[in-house]
Structures are given as structure tokens and as C-alpha cells.
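Both ligands and their constituent atoms are indexed starting at 1 by order of listing. Computed from a predicted structure; not experimentally measured.
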Amino acid sequence: KKNLHLFSPDQIELAKMLLEMGQSHLFEHWPEPGVDDEEKKAFLAQVAKLNSSYPAALVSYIRNARELLADSKAGKNPYDGFKPSVPTGEVLTFGDDNFIKFEETGIKEAQNAAFGLVAGGLGERLGYNGIKVALPAETTTGTCFLQHYIECILALQEASYRLTKGEHQKEIPFVIMTSDDTHARTTNLLESNSYFGMKPTQVKLLKQEKVACLDDNDARLAMDPHNKYRIQTKPHGHGDVHSLLYSSGILNEWRDAGVRWVLFFQDTNGLLFKAIPAALGVSATKQYHVNSLAVQRKAKEAIGGITKLTHADGRSMVINVEYNQLDPLLRASGFPDGDVNCETGYSPFPGNINQLILELGSYIEELGKTGGAIKEFVNPKYKDASKTSFKSSTRLECMMQDYPKTLPPSARVGFTVMDAWIAYAPVKNNPEEAAKVPKGNPYHSATSGEFAIYRANSLILRKAGVKVGDPVQQVFNGQDVEVWPRITWKPKWGLTFAEIKSKVSGASAISQKSTMVIQGRNIFLEDLSLDGSLVVNSVDDAEVKVGGSVQNKGWVLENVDYKDASIPEELRIRGFRINKIQQLEKIYNEPGKFTLKP
Ligand code: UGB
């Protein structure tokens with residue numbers, strides 16, 4: 001009470017609320033007025049921030065925490081009364097007629113899309129010191145994830161404009177959710193690279209705030225161990241993207257600008273945009289309010305399973321069940337073996353890759369009711385079986401894919417399954433953890449993420465008629481991977497299968513030891529025979545035919561040890577580097593028609 005004069009009326013109200021909510025320990029150690037006054041003010045400023053950044057204010061955070069902690073202590077299963085079963089969804093096969101049809105619809109709709117990248121996580125499992133979006137997706141060109149994503153969005157925008165012959169090219173809005181851990185470095189990456197060609201006004205960053213940590217089952221807020229005038233905080237999870245979009249007012253701006261679809265995606269998936277046009281086509285054709293992208297999933301793989309949950313009272317929903325919950329849920333509901341592969345060699349539950357497409361109208365309507373709050377969970381690590389105290393403080397968390405949990409039964413919630421080779425190769429595990437992944441399961445490492453890009457590009461070109469050499473098996477950082485020719489192209493060269501096919505004609509062949517880098521829009525492969533390295537760069541209004549026989553020593557992969565600190569971290573974590581011995585490189589800087597035929 002003696003310190004009250006230091007605070008504004010709003011802050012005094014907040015302090016009262018804390019006392020009423022059993023948080024007096026936060027003030028007990030406060031000295032007389034005149035001592036540490038600035039720190040006391042900073043403490044209440046922090047409380048005010050925690051209060052305003054939580055959808056229904058701090059008081060409801062404490063209430064929700066008590067409820068969830070009591071459920072957790074009682075061992076209550078969040079899926080009590082629900083029976084899991086395998087849902088049905090749209091299953092697509094890359095390159096067939098159905099796929100091509102959905103891709104075309106998706107490209108038409110792309111001009112009405114907006115993208116949201118959740119990039120607030122530091123990626124503890126990967127242990128990389130920088131931000132994950134700055135990591136090269138592949139090291140043939142060194143293009144980082146953020147550049148790749150931006151170039152994909154720009155290519156989509158352009159392709160949509162061309163296909164619909166619109167009056168002008170509509171800018172696809174791009175929002176990036178950051179956190180205190182990633183915000184400054186993401187801003188810096190964008191600014192120092194001229195936003196990778198996107199207009200700065202097209203990109204918006206929304207920073208998520210951390211939430212208060214909890215010390216015990218009464219939800220007493222934890223003090224920061226390094227500062228007795230601060231509450232300890234931790235990340236609240238990717239689910240924050242919904243409340244941030246809602247509270248920022250961006251959703252209404254988008255609606256007024258004609259946006260119909262919001263596409264959410266994660267920080268390190270170099271394949272994703274190969275699946276986006278078809279998935280968006282499915283959303284538009286089926287008029288889905290929610291469409292989750294999924295891939296075949298190996299049992300116990302660390303990705304959630306898309307599951308149909310049917311309650312004894314008749315309710316049912318199709319929702320992601322997180323990887324650590326799927327096995328116990330199955331065991332408790334008549335599947336004694338839990339999460340196991342079926343006769344296909346995969347789990348019958350499709351794997352959630354956290355790529356969601358939401359229809360904007362129903363999304364705004366729903367968030368109007370919830371304020372963007374997403375169903376939370378708590379995961380305390382208890383000291384012992386009495387579950388009365390924690391090993392370390394915990395906090396509430398939420399996940400963006402839990403958005404459908406509050407939707408009414410009338411909502412159209414679907415999912416689209418794609419081949420994993422075309423849609424999903426995230427970079428999440430460090431080399432040591434990746435090497436421990438059971439044989440046959442994906443490594444989800446920087447190594448596998450890069451080779452998956454070459455594999456997908458090789459398979460796509462094969463399907464388009466190019467003779468691509470068979471891969472060889474090689475071990476990098478203890479991981480056995482398929483090494484295909486290192487083929488990369490700019491998204492504007494080809495985002496859809498139809499577009500890529502239109503750039504390839506005659507009888508072309510690329511050997512396994514080859515590298516091909518296509519850096520321009522109108523580059524056409526015609527009777528090319530490549531055995532070595534070829535790099536072609538052209539401005540948009542140059543048209544280049546590439547053919548003939550290209551043979552040179554090429555670029556070779558050299559093993560590096562991930563423990564060798566003399567090698568940059570972004571290379572070490574993949575276990576190899578590329579030695580560029582010899583290549584044919586051509587740059588076409590002027591408009592016009594050209595032929596490259598050595
Ligand atoms: N992220 C944030 O933006 N803020 C946060 O507070 C936390 C994360 P992880 P996770 O696709 O493989 C998810 O840590 O949460 C961003 C799904 O829940 O890489 O373990 C972060 O920057 C799971 O169902 O993944 O698992 C990153 O971009 C499955 O689909 C993204 O959120 C799995 O991803 C994901 O964070 C998967």
C-alpha cells in the first residue's frame with residue numbers, strides 16, 4: 001500500500017487484481033518507498049503488458065491456468081468421451097489430371113490469398129544459433145527460407161494475374177509472426193536484403209508476447225530467477241497468430257481488399273509451395289472453411305495426426321491430435337497397440353504439417369466470438385507422483401491448428417493429403433537427434449531438408465519427361481540419404497506442374513553427378529544433355545532456349561564434421577559442403593531471344 005503513489009490508476013487496479021487472485025507473493029519482498037522505485041514501476045509495466053497481450057486479460061489467464069492445472073493433476077484426459085477414427089479427406093497424387101485441375105483453380109484463387117508465417121520459435125530441437133528463416137533451404141544457391149517463401153508468394157501473385165488476365169496484379173499480403181527471440185533478426189534480414197524483392201508495405205511483422213510462468217498448482221506466477229521485480233515468461237505457442245491477427249485489425253483490412261483465403265505455414269519447409277496451388281484449389285472447390293494439409297505419417301513420427309473424434313453425446317470433429325497424445329488416446333480407446341503403422345507401412349492417421357488454409361469470412365466471424373483465443377493446454381513436469389510440485393515453472397500454451405476446436409458443427413472442416421516428397425521436409429532436428437531417428441522415418445534435419453528439395457525437383461522433371469539419373473545413397477552426419485542431381489529453380493520458373501511441363505521439351509537428360517541452377521523465368525530446356533554443372537540466369541523479358549551437351553567436372557559434395565567449429569554452423573548442421581570445381585554459367589541481362597547450345 002505504501003508504494004501506491006508510484007502507479008497510475010490502471011496499474012493500481014491490476015495490482016489489486018493480483019492480490020485478489022492469490023498473487024501476494026509478488027509484492028511481499030518489496031522494500032519501503034524510495035528504494036527500487038523504478039524497478040517497481042517496471043514491474044507493473046510488465047504486468048500491464050502481460051494483461052493487454054492475453055486475449056481475455058491476465059485474470060482469465062490465471063483462472064484458465066488453475067483449471068488446466070487441476071485437470072492435469074487429476075490426470076483428466078482432454079479427449080475424454082471421444083473415440084478416435086481415421087477421417088476421410090481429399091487425397092492427391094502429384095501430376096495426375098485431378099492434381100493439375102486443382103492447381104489451376106488454386107492459381108486463379110491465389111490473387112485472393114494472404115499468407116501468415118509463424119516464425120516466433122527459436123527451434124530448440126535444431127539448436128541453431130540464428131533464426132531459422134535465415135538458414136539456407138539448400139546450399140547450391142544458398143537461398144534462405146525467407147527469400148524462398150517471398151519469391152514463391154511473388155510468383156503465385158504473378159501467375160494468378162497472368163491466368164485470370166486481371167486488370168492489375170493484386171499484391172498478396174504477407175504477415176510474419178515473430179517473438180522477442182526472432183523479431184530484430186527477422187527485421188534485419190528483410191531490411192538488409194531489400195525485402196527479397198517484395199514491396200516493404202506488402203510485409204507486416206506481428207510480434208507475439210510471452211506469457212507468465214506458473215510455479216504451482218494454484219497458478220502462482222513465477223518470479224524471474226534473475227530479477228525479483230519481474231515475472232518469468234515463456235512462449236505461448238504458435239496459436240498466438242490468431243489473436244494477433246484479430247487484435248491488429250489486419251483481417252478486416254484484408255476482407256475489404258477482397259482477400260478470401262488465409263494460408264498459414266511454418267518456418268522451415270522448402271517443399272511447401274509445391275503443394276500450395278493444389279491445396280488452395282481444393283479449398284476453393286470444396287468451399288472448405290478450414291483445410292489442413294497433411295502427408296502420410298510414420299507411426300510415432302513427431303508430427304500430429306489428423307483424427308476424427310466422435311463423442312458419446314454425438315459431437316464430432318476432425319482435428320490434429322498432437323504426436324505425444326495420439327498413442328495414449330488410441331490405447332485408451334480400443335486400439336491396444338496404439339500408434340502403429342498399418343499394412344501401407346504408414347500410420348492410418350495422416351500427418352499434420354501445420355499448413356492451414358482458412359476461409360476469411362468464417363474466420364473473422366469465429367474470431368469475433370473468441371477474440372482469437374485458442375484452446376490452451378499445460379504440460380507441467382512434476383517432481384513426483386503426488387503431482388504437488390513442479391521441477392521447473394510451467395505455462396499455458398496453444399497451437400495454431402487447434403483453431404477448429406471452437407467451431408460450430410456446421411463448419412466445413414477438411415484436409416488434403418499430399419505425397420510427403422512434394423509437400424513436407426522441415427528442418428527441426430539437430431544432427432545427433434536426427435541420426436537416432438528409427439530407420440525409414442524422416443530425419444527432419446538440415447541434411448534431409450536439403451536433399452528432399454533436390455529429390456522433389458528431380459522427380460518433377462522426370463514426370464515432365466526429362467531423363468534424370470538415379471540417386472545414390474550417401475551418409476552425412478550419420479544420416480543415410482538419397483542424393484539426386486542438385487536441381488534448383490526460382491519459383492517464377494515454375495510453381496505448378498503444368499507450368500514446369502511447358503518449359504521442358506524434346507529429349508533432355510541430367511546425370512546424377514550434375515547440378516542445374518535455373519535463375520530466370522523464360523528458360524526452356526530443349527534436348528539438353530547435362531553431365532556437370534549448369535547455371536543459367538536471365539532477366540524476365542529474355543527468352544532462352546537451353547540445349548546441347550554440357551559436360552564439365554561440376555560441383556561435388558564434400559563431407560564435413562558437424563563438430564568442426566571452423567566450418568560455418570549452417571554448413572556443419574548438414575554434414576557437407578559443395579566444392580564448385582567447374583561449371584558452365586550464362587547470364588542474359590538484355591531482353592530478346594537467345595539459344596544456349598554449347
Ligand atoms: N512458433 C511460433 O511462431 N511461436 C511459438 O511460440 C512456437 C513456435 P515447432 P511443434 O509440422 O512438424 C508443430 O516447434 O510445435 C513457430 C505442430 O504442432 O517447429 O513441435 C515456429 O517458429 C505439429 O502438429 O513445431 O509442432 C515454427 O515455425 C506438427 O505439425 C512453428 O511454429 C509439427 O509442427 C512450429 O514450431 C510439424
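Distances below 4.0 Å separate heavy atoms of Gly120 from the following atoms of ligand 1: 2 (C), 3 (O), 4 (N), 22 (O). Numbered from 1 in the order shown, with element, the atoms of ligand 1 that lie under 4.0 Å from a heavy atom of Gln401 read 17 (C), 18 (O), 23 (C), 24 (O). Close contacts of ligand 1 with Gly304, meaning ligand atoms under 4.0 Å from a residue heavy atom, involve 23 (C), 24 (O), 29 (C). Atoms of ligand 1 lying under 4.0 Å from any heavy atom of Asn320, numbered from 1 in the order shown and given with element: 24 (O). Remark: ligand 1 atoms within the under-4.0 Å shell around heavy atoms of Tyr424 are 11 (O), 12 (O), 37 (C). Listed by number with element, the atoms of ligand 1 under 4.0 Å from a non-hydrogen atom of Ala119 are 3 (O), 22 (O).
Remark: minimum distance from atom 31 (C) of ligand 1 to any protein heavy atom is reached at Gln266 OE1, 3.7 Å. Nearest to atom 33 (C) of ligand 1 among the protein's heavy atoms is Lys428 NZ, 3.5 Å. Of the protein's non-hydrogen atoms, the one nearest atom 1 (N) of ligand 1 is Gly121 N, 3.6 Å. Counting only heavy atoms of the protein, atom 28 (O) of ligand 1 lies nearest to Val118 O, 2.7 Å.
Between Thr182 and Gly121, the shortest heavy-atom distance links the atoms CG2-O, 3.8 Å. Across Ser85 and Phe349, no two heavy atoms sit closer than the pair O-CE2, 3.5 Å. Annotation for Met177 and His238: closest pair CE-O, 3.8 Å, computed over non-hydrogen atoms. The minimum heavy-atom distance between Pro136 and Gly142, with the atom names listed, is CB-O, 3.9 Å. The heavy-atom pair separating His242 from Leu367 by the smallest distance is O-CD1, 3.6 Å.
With a 4.0 Å cut-off on non-hydrogen atoms, His444 does not touch ligand 1 at all. At a 4.0 Å heavy-atom cut-off, ligand 1 does not touch Asp240 at all. Both the backbone and the side chain of Asn352 come within 4.0 Å of ligand 1, counting heavy atoms alone.
For Lys298 and Tyr346, the positive end sits near the middle of the six-membered ring, less than 6.0 Å away and at most 45° from its axis.
Pro426 does not count as a contact of ligand 1, since none of its heavy atoms falls under 4.0 Å from the ligand. Heavy-atom separations between Tyr323 and ligand 1 include at least one value shorter than 4.0 Å.
One option in Gln208, Arg125, His238 has a heavy atom closer to atom 4 (N) of ligand 1 than any other, and that option is Gln208. In this structure, of Met399, Glu124, Glu322, the residue bringing a heavy atom nearest to atom 18 (O) of ligand 1 is Glu322.
Considering backbone and side-chain atoms alike, Pro235 places every N or O at 3.5 Å or more from each N or O of ligand 1. Between Ile303 and ligand 1, not a single N/O pair is under 3.5 Å apart. Residue Asp267 has at least one N or O atom closer than 3.5 Å to an N or O atom of ligand 1. Some N or O of Gly237 is nearer than 3.5 Å to an N or O of ligand 1, by distance alone.
Within the 4.5 Å cutoff, the side chain of Tyr195 has no heavy atoms near those of the Gln202 side chain. Contact check for Arg125 versus Asn429: side-chain heavy atoms found under the 4.5 Å cut-off.
When each of Ile131, Asn193, Leu189 is tested with Leu146 by the rule side chain to side chain contact (heavy atoms under 4.5 Å, CB included), just one qualifies, namely Leu189.
For the residue pair Thr140 and Tyr454, a side-chain donor N or O sits within less than 3.5 Å of a side-chain acceptor on the partner.
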Show your working on salt bridge (charged side-chain N to carboxylate O under 4.0 Å, His left out) between Lys274 and Asp419 and close with a plain yes or no.
CA-CA 11 Å; Lys274 299 184 192 297; Asp419 302 309; over 6 Å; no
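Of the protein's heavy atoms, none falls inside 4.0 Å of atom 14 (O) of ligand 1.
Using bins of under 30°, 30° to 60° and over 60° for the plane-to-plane angle, the ring pair Tyr149/Phe145 lands in the tilted bin.
Between Phe174 and Phe115, the ring center distance fails the sub-6.0 Å criterion.
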